Number of protein chains: 2
Amino acid sequence: MLVSNHARPTLEDVAARAGVSRATASRVLNASPRVSPEALEAVNAAVTALGYQPNRAARALVTRRTGAVAVLFSEPEPKIFDDPHFARLIRAGARALADMDVQMVLMLVHSPDDQARAHRFLAGGHVDGALVFAPHRNDELVSIVKKLPLPVVYAGKPWGSLRGMHLVDNDNEGGAVLATEHLKSLGRKKIVHVSGPLDELSAIDRLNGFRAALSLDDKAVARVTEDGGFTREGGRKAMSALLARVPALDAVFVASDLMAAGALETLAEAGRRVPQDVAVVGFDDHVAIAEHTSPPLTSVRQDSDEQVKVMVEHLMKLLRDETVKKKQQMLPTVLVPRESA
Amino acid sequence: MLVSNHARPTLEDVAARAGVSRATASRVLNASPRVSPEALEAVNAAVTALGYQPNRAARALVTRRTGAVAVLFSEPEPKIFDDPHFARLIRAGARALADMDVQMVLMLVHSPDDQARAHRFLAGGHVDGALVFAPHRNDELVSIVKKLPLPVVYAGKPWGSLRGMHLVDNDNEGGAVLATEHLKSLGRKKIVHVSGPLDELSAIDRLNGFRAALSLDDKAVARVTEDGGFTREGGRKAMSALLARVPALDAVFVASDLMAAGALETLAEAGRRVPQDVAVVGFDDHVAIAEHTSPPLTSVRQDSDEQVKVMVEHLMKLLRDETVKKKQQMLPTVLVPRESA
DNA sequence: CTTAGCGACTCAAAGGTTTTCATCGAGGAG
DNA sequence: CTCCTCGATGAAAACCTTTGAGTCGCTAAG
């Protein structure tokens, strides 16, 4: 019997079969230009014949590259699985990284324990880079990641100085302007806002867009805005508060679809018809929510899939040591009209 | 200056500092018994002093263990991010695997392309084992995984022979009996069922529980059951169909909360009051849904966190070559009463 | 007194790949 | 015909850890 060896073939085997040295075989695999056409073909043939797969560990050992990327979320877990937004981000990350043949290591980092673990893990060199979703003010995760010599791309603007940071953000402010202008164009006069938690810059940007579109001063903003914490329940409560404070309101721009769903419930309970009495615009355009509220929700679309894809591409460039033209990118948002406004 | 070397310390450095050989240091790290207390302490001190972290690649190379586990979902992507059930599973997986200091490699495997990639990846020895979520009949992912020499634990029963397969299932049938008995105990006489897609064994088990609790024959089952496909929209449609076919129905057991949400919408549109006219019980007890339907949904709880945790523990045992007493485990389900029944 | 046994170590090989450096041969310039 | 250059290739080192075999100093048994 020749080779009934059940073990996985190594580069040595490939080289032997192709009649070249290990070095040449390696060069073929890594697309080095310094290799003759014949050798190239012979090696490729051997690779397919043997079903050869490079040993990741051996490669990582010498290249000091792991072929893995960490995806870090600092959000508390309940939020992560109540808000479909996160499922979408995770899914997009899995897809985009798989397309690059990179392993995705998902970490949920909230408790101090998690943070310590994350620090150990990232400092341990177990990944080549990281995608970080940490929107909150003074987020410990950001501090941890910042001081590590690790390429990182952030989703949205992390709090604090943005100097030298790589990030991909959505045009939150622009989207908010879109939403508010839309309500104005419907002839609404008393427009209020359910904001996200104001320790997140995306929430602040949306608030700023709302404010700018209506040219409100500080006092006016305070009166017509209520924090809904980016949760459904928060949306309900914020809407109640606004109804109490501004009974004559005829439109509301809600900074997330999940909150908008809560707000719609409150409006229904209060007997306000949507959109006749109150026009409602959400943010996210999360179809699983927006298409199932009653009435279906007009919303601002931010393309999370695209955002994550761009983040991944950006990170890959960093890993390849390419110079990136723009460290900070902004993705456009568009208004998706449905029936609520 | 002594050691301004910015590079990560190696085992060699640790050994040198502890005044022992690399081998001894290694044994300390791997908790080998054959090491003196003094050496142990010296090595541990050196480890903390240097902030030493074993090089995963080097270790993987020699142990032929990667320290990573794949988590595979065969569900189509839209479903994965519309149904909070999956977010919960992914979250639980991330948590449980992190607790074991194992990397989680998430893969969504639906298209033939994905399948090919998954095959390559798994066959390539890039992970030590896998957790598989592939509930459908003739699921290609199962065939792929089955013929690989890779330890695998399934979530729920995969279709086909279960011989020798390791799995952790929920007591779907028992839960369905619970739900149906509950409806009976409320005095309901015309109980119908919105099932999941009947190419999933969990859906079949739930249907069987329903059937058993009511002692229905084939014909009766066919009349009072409608497939809702485990989607919200499917739930709406199935409920409509059942209302048309069994106008006098006074209770419905819906095989998932997401479908139940849809069914409730249909019932509301049809002017049936819940629970007065129609009592409704769901399945999953997904709080993000069940607590936000109107009225809040009575549901059967299956503890997905626990399920995933048990799966992970089971897989770890397989990886340690421990003999597992029970290859196939079943987790209990309980009824969580709210207002819909 | 010899020797087997034992515990705690150390040595050194092995694991699979990339990469530097040297070599080899061919072809062109002088 | 000789000397160089240049491109393709091979030999070997390096990456860091685990682990089986071997060493060393003792004690207990024969």
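Quantities reported herein were computed from a predicted structural model and do not represent experimental measurements. Below, chain A is the first sequence line, B the second, and so on; all start at residue 1.
- Applying the side chain to side chain donor-acceptor pair (under 3.5 Å) test to R34(B) and every residue at least two apart in sequence or in another chain returns nothing.
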Taking protein heavy atoms under 4.0 Å as touching, what does nucleotides 12-22 of chain D look like 5' to 3' if B marks base contact, S marks sugar-phosphate-only contact and - marks none?
-B-BBBBBB--

Dump the intermediate steps for side-chain contact (heavy atoms from CB on, under 4.5 Å) on V312(B) and L97(B), then the final yes or no.
CA-CA 7 Å; V312(B) 169; L97(B) 288 170; 3.8 Å; yes

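- To the nearest 0.5 Å, atoms CG (L50(A)) and CZ (R8(A)) are separated by 12.5 Å.
- Closest non-hydrogen pair, V168(B) versus V310(B), comes out as CG2-CG1, 3.8 Å.
- Every residue meeting the side chain to side chain donor-acceptor pair (under 3.5 Å) condition with E200(B), not counting sequence neighbours, appears here in chain and number order: H136(B).
- Remark on DNA chain C: of its neighbouring residues A57(B) and P33(B), the 5'-side contact belongs to P33(B), judged by nearest-heavy-atom nucleotide.
- DNA chain D is contacted by V35(A), S36(A), A39(A) of residues 35-51 of chain A, taking any non-hydrogen atom closer than 4.0 Å.
- If you walk DNA chain C from 5' to 3' and mark each nucleotide with an atom closer than 4.0 Å to a heavy atom of chain B, the marks span dA8(C) to dG16(C).
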All N/O donor-acceptor pairs, side-chain side in residues 103-119 of chain A, below 3.5 Å, sequence neighbours left out:
from, atom 1, to, atom 2, distance (Å)
H110(A), ND1, S74(A), O, 3.1
S111(A), OG, D113(A), N, 3.4
S111(A), OG, D114(A), N, 3.1
S111(A), OG, D114(A), OD1, 3.3
S111(A), OG, D114(A), OD2, 3.2
D114(A), OD1, R95(B), NH1, 3.1
D114(A), OD2, H110(A), N, 3.0
D114(A), OD2, S111(A), N, 3.1
D114(A), OD2, R95(B), NH2, 3.3
Q115(A), NE2, H110(A), O, 3.3
R117(A), NH1, A98(B), O, 2.9
R117(A), NH2, D99(B), OD1, 3.2

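- Salt bridge annotation for D303(A)-K309(A): absent, with no cationic side-chain nitrogen under 4.0 angstrom from a carboxylate oxygen.
- Counting only residues at least two apart or in different chains, salt bridge (Lys or Arg N to Asp or Glu O under 4.0 Å) contacts with residues 13-33 of chain B comprise E12(B)-R22(B).
- Listed by first and then second residue, the side-chain hydrogen bond (donor to acceptor under 3.5 Å, both in side chains) pairs that reach into residues 143-164 of chain A are K157(A)-D205(A), sequence neighbours excluded.
- Taking the side chain to side chain donor-acceptor pair (under 3.5 Å) definition, one finds that Q307(B) meets it with N170(B), sequence neighbours left out.
- End-to-end axis angle for the helix from dC1(C)-dG30(D) to dG30(C)-dC1(D), using five pairs per end and rounding to 10°, comes out at 70°.
- In terms of the side chain to side chain donor-acceptor pair (under 3.5 Å) criterion, N44(A) has no residue partners (sequence neighbours excluded).
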List the atom pairs, with distances to 0.1 Å, where a side-chain N or O of residues 53-63 of chain A and a protein N or O form a donor-acceptor pair under 3.5 Å, not counting sequence neighbours.
from, atom 1, to, atom 2, distance (Å)
Q53(A), NE2, R120(B), O, 2.7
N55(A), OD1, A57(A), N, 2.8
N55(A), OD1, A58(A), N, 3.0
R56(A), NH2, G67(A), O, 3.3
R56(A), NH2, D101(A), O, 3.4
T63(A), OG1, R59(A), O, 2.8
T63(A), OG1, R65(A), N, 3.2

